[in-house]
There are 2 protein chains.
Amino acid sequence: MNGTSTVAPELVARVRAAAEALNYEPSPVARSLALGRTSTVSLIVPDLANPMFQDVLRGLSNAAAEEGHRLLVAESNENAGEEAILAVEARRRSDGLVLASPRVPEEELRSLSERLAPLVLLNRELPGSSVPSLSVDYAAGIKEIVAHLVAFGHRHLVYLSGPEASTSNRDRIAALHAAAVLGPGFTLTELACGATFEDGHQAARAAVATGATAVVAYNDMVAFGAMSGLRELGLDIPGDISITGFDDIPFARYTSPPLTTASIPRNELGRQAWGRLWALMNGGPVAHNVRFQPRLLVRDSTGPVPDRPASGRRRKGSA
Amino acid sequence: MNGTSTVAPELVARVRAAAEALNYEPSPVARSLALGRTSTVSLIVPDLANPMFQDVLRGLSNAAAEEGHRLLVAESNENAGEEAILAVEARRRSDGLVLASPRVPEEELRSLSERLAPLVLLNRELPGSSVPSLSVDYAAGIKEIVAHLVAFGHRHLVYLSGPEASTSNRDRIAALHAAAVLGPGFTLTELACGATFEDGHQAARAAVATGATAVVAYNDMVAFGAMSGLRELGLDIPGDISITGFDDIPFARYTSPPLTTASIPRNELGRQAWGRLWALMNGGPVAHNVRFQPRLLVRDSTGPVPDRPASGRRRKGSA
DNA sequence: TTGAAAGCGCTAACAC
DNA sequence: GTGTTAGCGCTTTCAA
């Protein structure tokens with residue numbers, strides 16, 4: 001008789017005492033089965049190493065904890081197939097699901113969305129469906145970045161592309177192309193890259209080979225990697241070549257040079273995801289979808305286009 | 001009859017088909033109740049924002065996933081009381097528990113350890129118990145750091161202390177004191193600080209005020225914060241003052257200057273924790289406890305002691 | 001008010 | 001080999 005009702009206080013006390021004595025406590029599993037809810041929600045992320053998802057995880061965990069809910073996490077390793085499996089599995093173990101930057105194709109996501117409900121999407125929209133979605137307007141961010149670079153005189157950009165399956169990557173590319181048709185003599189080269197430091201590092205040489213004067217990286221991690229690779233090739237940043245990131249992860253301001261990037265409210269994504277989920281689970285009114293606008297942070301990794309284009313390894317002091 | 005046994009293949013097929021048609025899938029919750037196991041393990045960390053714990057989380061998650069297990073995470077917010085509650089709660093929802101750098105007092109941990117089993121401890125040992133423990137030999141790391149600083153001529157150190165309840169912080173302090181008695185004229189000042197960037201940032205002024213020529217930070221985050229604060233005070237690193245971190249988080253090499261620190265195998269802690277847990281859950285032989293030895297990474301945030309001790313705000317170019 | 005019983009969806013042990 | 005039943009530990013409904 002733990003909880004609420006109209007019970008004789010004396011009985012309550014006796015039961016409580018007995019429970020104490022036997023140090024008994026209710027089994028959450030049995031409770032879940034009987035109640036039909038687990039007080040747990042799940043989060044699926046493509047990559048736990050990505051600071052973006054770490055912050056989402058934290059925001060969601062904190063918010064859920066405030067309401068007495070636990071968090072189940074799973075990593076899909078950027079693999080769409082695995083992601084789908086994990087999602088259904090995790091969903092069945094919990095009362096709700098948040099999918100961060102899901103890699104599954106639209107069609108599949110659409111067909112899954114019913115089985116996964118209550119579901120909220122992060123960085124992914126499902127047009128025409130009623131699945132709540134919180135996203136970042138990557139196109140707007142890229143647009144600002146390009147404008148900034150153009151103001152510095154850059155006309156030839158190279159884009160270090162993110163994971164194939166990332167829709168936010170596609171958004172960035174679309175925005176880049178939109179910008180590319182604007183001016184005459186504007187060149188945009190796209191380079192398959194990835195999402196990690198290593199990916200960026202490996203792409204450095206190819207990026208330089210394109211003859212671009214500025215590199216736009218998929219995210220901060222890639223930018224850091226590229227920056228490190230560029231420097232190993234003897235290039236000065238931003239003297240020889242400019243570089244931009246995306247995300248404004250905590251360390252972006254502490255690199256040398258500090259990284260020009262676009263900031264997004266990572267933690268907030270997690271918190272608001274909880275809000276939507278909670279509303280969904282309780283039949284309350286679900287807040288509108290939002291698209292967070294990135295904020296351009298101009299730091300020192302970008303500068304005017306050099307007199308002579310950077311090309312391959314240069315002699316030190318040749319600036 | 002999904003699973004294994006000696007069943008007529010035709011029957012199997014028919015059942016499978018029916019299941020497919022009704023798109024039925026077994027309920028993990030009911031399964032857990034009947035089986036008495038959840039195929040889930042829990043991880044409790046003091047602070048999800050700490051890269052150290054993020055990596056432990058990732059290592060554990062990956063390793064557990066390989067064996068088909070899910071991960072429940074909870075954050076105690078550096079709060080020992082909450083930690084204990086969370087631990088029992090999480091443990092009851094899962095088949096095993098890993099406690100990362102637990103903040104609960106030894107006595108309480110000891111009394112809890114039975115109820116929490118299968119349990120593995122990270123960065124915390126429970127002498128005399130049979131609870132597997134994986135830890136980092138912080139004392140050894142600090143010893144190396146001090147030796148490095150002393151070789152550079154530093155005699156006055158200030159330690160930016162971590163969370164009160166952190167045993168690894170106490171280990172560092174003990175090692176520091178052991179070093180302090182070694183030489184004559186050796187001074188060690190201890191400053192209450194914390195574990196975050198902000199904590200380090202706020203401690204910068206007080207650190208300088210001690211007149212120390214080198215600051216030993218509790219971890220990399222604190223070191224970054226202090227570094228940033230020190231620079232705001234007009235100090236050059238390492239020209240005016242040296243600084244060391246601990247952990248070698250991914251960005252330690254990309255700050256300016258790159259941080260001298262001690263590296264520890266964070267991911268490996270998580271992976272091996274899974275190994276111990278798995279052995280415990282299956283009655284297999286549990287591998288011995290290990291104490292990982294940090295590796296000193298000398299980078300550019302440390303240097304020779306300056307001619308004149310740094311003290312408060314200095315004029316630029318006064319070096 | 002309090003106690004007894006049915007059932008959440010599954011597995012395991014048992015007869016058939 | 002195959003179908004049936006008891007029971008995991010709780011909540012809820014319904015009598016007493």
Side-chain angles (χ1 to χ4, degrees), chain A residues 1-42 67-70 72 85-97 112 114-118 280-283, chain B residues 1-42 67-70 72 85-97 114-118 278 280-283:
Chain A
M1 293 36 175
N2 287 336
T4 48
S5 215
T6 45
V7 218
E10 196 270 339
L11 215 212
V12 156
R14 238 180 44 215
V15 170
R16 282 251 151 76
E20 181 82 9
L22 278 55
N23 65 36
Y24 157 93
E25 31 189 338
S27 148
V29 183
R31 203 156 191 283
S32 296
L33 180 58
L35 249 20
R37 59 187 161 75
T38 58
S39 294
T40 296
V41 294
S42 304
E67 233 84 50
H69 281 237
R70 309 279 149 265
L72 203 66
I85 313 282
L86 281 175
V88 276
E89 226 274 302
R91 171 58 185 86
R92 301 221 64 211
R93 287 191 187 292
S94 53
D95 303 338
L97 217 209
L112 274 166
E114 234 177 290
R115 285 168 63 193
L116 298 182
L280 242 31
M281 299 189 307
N282 294 279
Chain B
M1 289 53 174
N2 288 336
T4 48
S5 213
T6 45
V7 217
E10 195 271 341
L11 215 211
V12 155
R14 239 180 43 217
V15 169
R16 283 251 151 76
E20 181 80 10
L22 278 56
N23 65 34
Y24 157 94
E25 32 189 339
S27 147
V29 183
R31 201 157 193 283
S32 296
L33 179 58
L35 249 21
R37 61 188 159 72
T38 59
S39 295
T40 297
V41 294
S42 303
E67 234 84 51
H69 280 238
R70 309 278 150 267
L72 203 67
I85 313 283
L86 281 175
V88 274
E89 226 273 304
R91 170 61 185 82
R92 301 223 63 211
R93 286 192 189 292
S94 54
D95 303 337
L97 216 209
E114 235 176 289
R115 285 169 62 192
L116 298 182
W278 179 246
L280 241 32
M281 298 189 307
N282 293 281

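From a predicted model like this one, the values you see are computed outputs, not experimental measurements. Atom set for the values below is all heavy atoms of this structure, side chains included, hydrogens, waters and symmetry mates excluded. Note on naming: letters A, B, ... go to the chains in the order of the sequence lines (proteins, then strands), and numbering restarts at 1 for each one.
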Arg93(B) side chain vs Ser42(B) backbone, donor-acceptor pair below 3.5 Å: no
5'-to-3' dot-bracket of DNA chain C (Watson-Crick, G-U; under 3.5 angstrom; crossing pairs as [ ]; | other strand): |||||||||||||||.
Integer-rounded Å distance: dA12(C) P and Leu33(B) CG: 12 Å
Any residue meeting salt bridge (charged side-chain N to carboxylate O under 4.0 Å, His left out) with Glu114(A), in chain and number order, not counting sequence neighbours: none
Glu20(B) with Arg16(B): basic N within carboxylate O range, under 4.0 Å: no
Asp95(B) side chain to Val41(B) backbone, donor-acceptor under 3.5 Å: no
Contacts of type side-chain hydrogen bond (donor to acceptor under 3.5 Å, both in side chains), residue Ser32(A), not counting sequence neighbours: none
Separation between CG of Leu72(B) and CG of Leu97(B), rounded to the nearest 0.5 Å: 9.0 Å
Do any side-chain atoms of residues 85-92 of chain A form donor-acceptor pairs under 3.5 angstrom with protein atoms, and if so which ones, sequence neighbours left out?
residue  : atom : partner   : partner atom : Å
Glu89(A) : OE1  : Arg70(B)  : NE           : 2.4
Glu89(A) : OE1  : Arg70(B)  : NH2          : 3.2
Arg91(A) : NE   : Leu116(A) : O            : 3.0
Arg91(A) : NE   : Ala117(A) : O            : 3.0
Arg91(A) : NH1  : Ser94(A)  : O            : 2.7
Arg91(A) : NH2  : Ala117(A) : O            : 2.8
Arg92(A) : NH1  : Glu25(B)  : O            : 2.6
Arg92(A) : NH1  : Pro26(B)  : O            : 2.7

Restricting both atoms to N or O, compile the protein contacts to nucleotides 10-14 of chain D shorter than 3.5 Å, with distance only.
residue : atom : partner  : partner atom : Å
dC10(D) : OP1  : Tyr24(A) : OH           : 2.9
dC10(D) : OP1  : Ser27(A) : N            : 2.6
dC10(D) : OP2  : Tyr24(A) : OH           : 3.3
dT11(D) : OP1  : Arg31(A) : NE           : 2.6
dT11(D) : OP1  : Arg31(A) : NH2          : 3.3

All salt bridge (charged side-chain N to carboxylate O under 4.0 Å, His left out) counterparts of Arg37(A), not counting sequence neighbours: none
